[in-house]
Amino acid sequence: MNFEEQRPTWDEYFLMLAKLAATRSTCLAFPVGAVIVKNKQVVATGYNGSPSGSVHCTAQGYCYPGLSSCDASKALPSRAVHAEANAIAQAAKHGVATDNAKIYVTLEPCLSCLKLIISAGIREVVYETSFNTGNSLFVRDSFIKEGLITLKQITVSDDIAEKAASFLVNLTSIPKVDPITSDHNEQ
């Protein structure tokens with residue numbers, strides 16, 4: 001395998017950053033991460049969880065008293081702000097334009113987030129896991145047919161994921177030492 005094959009594609013790179021953002025999630029149901037990119041530069045990140053200033057579900061161990069996670073109830077709404085909404089809010093809070101940007105998310109956006117993404121001027125969504133079903137697919141596909149948004153589902157290749165995992169668990173910014181030519185062996 002040559003060096004270029006060992007490098008992640010841009011889509012893999014930014015999706016891995018979204019996966020890292022998901023590690024900050026405070027949602028008990030499932031973690032989601034998002035990264036907004038413009039001209040191959042990260043402009044904002046987000047993850048799902050309780051609104052700023054509200055107690056985190058992970059800190060209290062439940063979403064609502066007697067309810068282990070928000071997805072365990074059909075009656076009570078989720079307490080979480082979705083990752084995409086948090087990323088867009090972060091961009092707005094810091095005065096960063098999202099027009100003609102791209103968003104990478106670990107989970108396909110729900111319809112509410114997809115409408116927010118479109119309204120924020122983001123034109124492409126790259127996601128890892130499917131979410132929408134039934135009538136939601138009809139609405140999502142109508143936005144695509146109108147040319148408002150493009151969606152692309154990808155996965156990170158096994159080789160790239162293994163390399164990234166190795167970088168996360170091992171020191172990465174150290175010189176590679178050749179034991180034959182190393183000065184360390186001459187002491």
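- One finds the CG atom of Asp11 at 11.0 Å from the CE atom of Met16 (value rounded to the nearest 0.5 Å).
- A 4.5 Å side-chain heavy-atom check between Glu124 and Lys152 finds at least one atom pair inside the cut-off.
- Residues Phe167 and Leu15 do not share a hydrophobic cluster, clusters being chains of Ile/Leu/Val/Met/Phe/Trp/Tyr side chains in contact below 4.5 Å.
- Follow the hydrophobic side-chain contacts under 4.5 Å out from Ile118 and you reach Phe138 in the same cluster.
- In terms of hydrophobic clustering, with Ile, Leu, Val, Met, Phe, Trp and Tyr side chains grouped at heavy-atom distances under 4.5 Å, Phe131 and Val81 are assigned to different clusters.
- The CD1 atom of Ile103 lies 9.0 Å from the OG1 atom of Thr98; values are rounded to the nearest 0.5 Å.
- Heavy atoms of other residues, nucleotides or ligands lying less than 6.0 angstrom from CG of Asn170 number more than 12.
- Summarising the geometry of Ala85 relative to Cys113, their closest heavy-atom pair is N-SG, 4.5 Å, with the distance given to 0.1 Å.
- With Asn100 contributing its side chain and Gly121 its backbone, the two residues share no donor-acceptor pair below 3.5 Å.
- Between Gly33 and Ala22, the shortest heavy-atom distance links the atoms N-CB, 3.5 Å.
- Judged by distance alone, with hydrogens and angles left aside, the side-chain atoms of Ser119 form a donor-acceptor pair with the main-chain N or O of Lys115 at under 3.5 Å.
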(request) Show your working on side-chain contact (heavy atoms from CB on, under 4.5 Å) between Leu20 and Leu168 and close with a plain yes or no. (result) CA-CA 10 Å; Leu20 281 175; Leu168 288 172; 4.3 Å; yes
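- Closest approach of Ala18 to Tyr104, counting heavy atoms only: CB-O, 3.7 Å.
- Listed here is the closest heavy atom pair of Leu107 and Phe30: CD2-CE1, 3.3 Å.
- In this structure the side chain of Thr150 never reaches within 4.5 angstrom of the side chain of Val125, judged on heavy atoms.
- Between Asn48 and Asn86 there is no side-chain heavy-atom pair separated by less than 4.5 Å.
- Surrounding CG of Asp158 are at most 12 heavy atoms belonging to other residues, nucleotides or ligands under 6.0 Å away.
- Closest of all the heavy-atom pairs between Ala87 and Ala44 is O-CB, 3.4 Å.
- With a 4.5 Å cut-off on side-chain heavy atoms, Val32 and His82 do not count as touching.
- Environment of CZ in Arg123: crowded, with over 12 heavy atoms of neighbouring residues, nucleotides or ligands closer than 6.0 Å.
- Two different hydrophobic clusters hold Tyr47 and Val35 under the rule that ILVMFWY side chains link at heavy-atom gaps under 4.5 Å.
- Counting heavy atoms from C-beta on, the side chains of Leu111 and Arg140 come closer than 4.5 Å.
- Both Leu148 and Ile144 are members of a single hydrophobic cluster when ILVMFWY side chains are connected at heavy-atom separations under 4.5 Å.
- If you take CD1 on Ile117 and SG on Cys110, they are separated by 8.0 Å, rounding to the nearest 0.5 Å.
- Contact check for Val126 versus Lys102: side-chain heavy atoms found under the 4.5 Å cut-off.
- The aromatic rings of Tyr13 and Trp10 sit perpendicular to each other, their planes meeting at more than 60°, with 30° as the lower class boundary.
- At distances below 3.5 Å, not a single donor-acceptor pair connects side-chain atoms of Lys19 with backbone N or O atoms of Thr106.
- Of all heavy-atom pairs between Lys40 and Phe14, the closest is O-CZ, 3.6 Å.
- Glu128 contributes atom CD, which lies 8.0 Å from atom CD1 of Ile154 (distance to the nearest 0.5 angstrom).
- Rounded to the nearest 0.5 Å, atoms CG (Leu116) and CD1 (Ile122) are 7.5 Å apart.
- In this structure, the separation between CZ on Arg7 and CD1 on Ile160 is 9.5 Å, given to the nearest 0.5 Å.
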